[in-house]
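Following: one structure in structure tokens, then a few remarks.
We count ligands from 1, going down the list as the structure has it; atoms in each ligand are counted the same way. Hydrogens, waters and symmetry mates play no part in the numbers below; they use all other heavy atoms, side chains included. Each residue takes its place number in the sequence, starting with 1.
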Amino acid sequence: MSAVALVVAAGRGERLGSPGPKAFVMCGGRPMLEWSIDALKAVPEIGHIVVALPAGVQAPAGTSGVVGGQERSHSVRAALHHTLAGDPVLVHDAARPLVTPEIIRACLAGLDAEADAAIASARVTDTVKEQADAAGPPTVARTLDRDRLWAIQTPQVFRREVLERALAQPHDVLAAATDDASIVEAMGGTVRLVESPRDNLKITTPDDLRLAESLLKAR
Ligand code: CTP
Ligand code: MG
């Protein structure tokens, strides 16, 4: 059975401060979403692409569109429910236009027989400290062991049955999740880390957009 890709593109992009939805902001000469769609279309293992969109927006050519939900996970769920088949299921944020066919294929290959999910991630190069709970100015509680820290990206690949169970969690669990793998982890699932370039960055702020444009131009 071939894989199915779900692309979430229904966010408003509040932190970017753009007039329209972030996925349709111009990035390197085209709407941001189109870069991800092209990368997914270049992967033969992927048989179908479903895109969660803001209401009233047309799906890109060669994909199926579905109206997204209130929070990110609700958009993933809406897209998943639109597909009747396809296993594994790959989830990708339209806010990561620098994804490549190589990253996508590495994530698909990373889902070994014992794994429930395989997710793109980059090793952390900064020293990361955790803040204490105490009131007052932010104060360090501890320094984390950098050798074991990874910054998580999309794509994230799931066995279909595992993602279906994760997205059947209550509304508040889904609303609090910043990625889908964290729901699988909380259910005791095995999630593999697939090393991916740091370049596969997420566009959140105008600075990120400028950086992504210069990286796309340099390709
Ligand atoms: N997303 C979605 N549906 C939502 C919220 C987010 O499909 N209800 C998608 C976004 O389109 C994006 C990805 O999830 O591709 C990651 O979300 P984020 O970077 O937070 O994007 P936005 O929610 O659009 O941005 P902001 O939080 O600044 O409003
Ligand atoms: Mg958001």
>> I'd like to know if Arg30 and Asp38 make a salt bridge, using a cut-off of under 4.0 Å between side-chain N and carboxylate O.
In response: yes
> Salt bridge check: are Glu161 and Arg165 linked by an N-O gap of less than 4.0 Å?
Replying inline: yes
More than 12 heavy atoms of other groups within 6.0 Å of [X] [atom1]:
X: Gln58; atom1: CD; value: no
X: Asp133; atom1: CG; value: no
X: Arg148; atom1: CZ; value: no

How far is [atom] from its nearest protein heavy atom, and which residue and atom is that?
atom: atom 29 (O) of ligand 1; result: Glu14 N, 2.7 Å
atom: atom 1 (N) of ligand 1; result: Gly11 N, 3.4 Å
atom: atom 20 (O) of ligand 1; result: Arg15 NH2, 3.0 Å
atom: atom 14 (O) of ligand 1; result: Arg72 CG, 3.5 Å
atom: atom 16 (C) of ligand 1; result: Asp93 OD2, 3.6 Å

As an exercise, identify every atom of ligand 1 less than 4.0 angstrom from a heavy atom of [X].
X: Lys22; answer: 18 (P), 19 (O), 21 (O), 22 (P), 24 (O), 25 (O)
X: Arg12; answer: 24 (O)
X: Glu71; answer: 4 (C), 8 (N)
X: Gln70; answer: 8 (N)
X: Lys202; answer: 18 (P), 19 (O), 20 (O)
X: Ala9; answer: 7 (O), 11 (O)

So, regarding [X] and ligand 1 (criterion: nitrogen or oxygen to nitrogen or oxygen, under 3.5 Å), is there a contact or not?
X: Ala10; value: yes
X: Val8; value: yes
X: Gly13; value: yes

> Considering all heavy atoms of both residues, which atom of Gly68 and which atom of Ala52 are nearest to each other, and what is their separation?
Replying inline: CA-CB, 4.2 Å
>> Restricting to non-hydrogen atoms, name the atom on Thr63 and the atom on Val51 that form the minimum distance, rounded to 0.1 Å.
In response: OG1-CG2, 3.7 Å
> Is there any salt bridge (Lys or Arg N to Asp or Glu O under 4.0 Å) pair reaching into residues 55-74, and which pairs are they, with sequence neighbours excluded?
Replying inline: Arg72-Asp93, Arg72-Asp180
> Where on Ser75 is there a heavy atom closer than 4.0 Å to ligand 1, on the side chain, on the backbone, on both, or on neither?
Replying inline: side chain
>> Within the structure, is a non-hydrogen atom of Gly69 found at a distance of less than 4.0 Å from ligand 1?
In response: yes
> Should the ring pair His171 and His74 be called parallel, tilted or perpendicular, given that the plane angle runs from 0 to 90° and is split at 30 and 60?
Replying inline: parallel
>> Run the salt bridge (charged side-chain N to carboxylate O under 4.0 Å, His left out) test on Asp207 and Arg210 for me, step by step, so that the C-alpha distance in whole Å, both residues' side-chain angles and the decisive distance to 0.1 Å come before the verdict.
In response: CA-CA 5 Å; Asp207 280 348; Arg210 277 188 286 275; 2.7 Å; yes
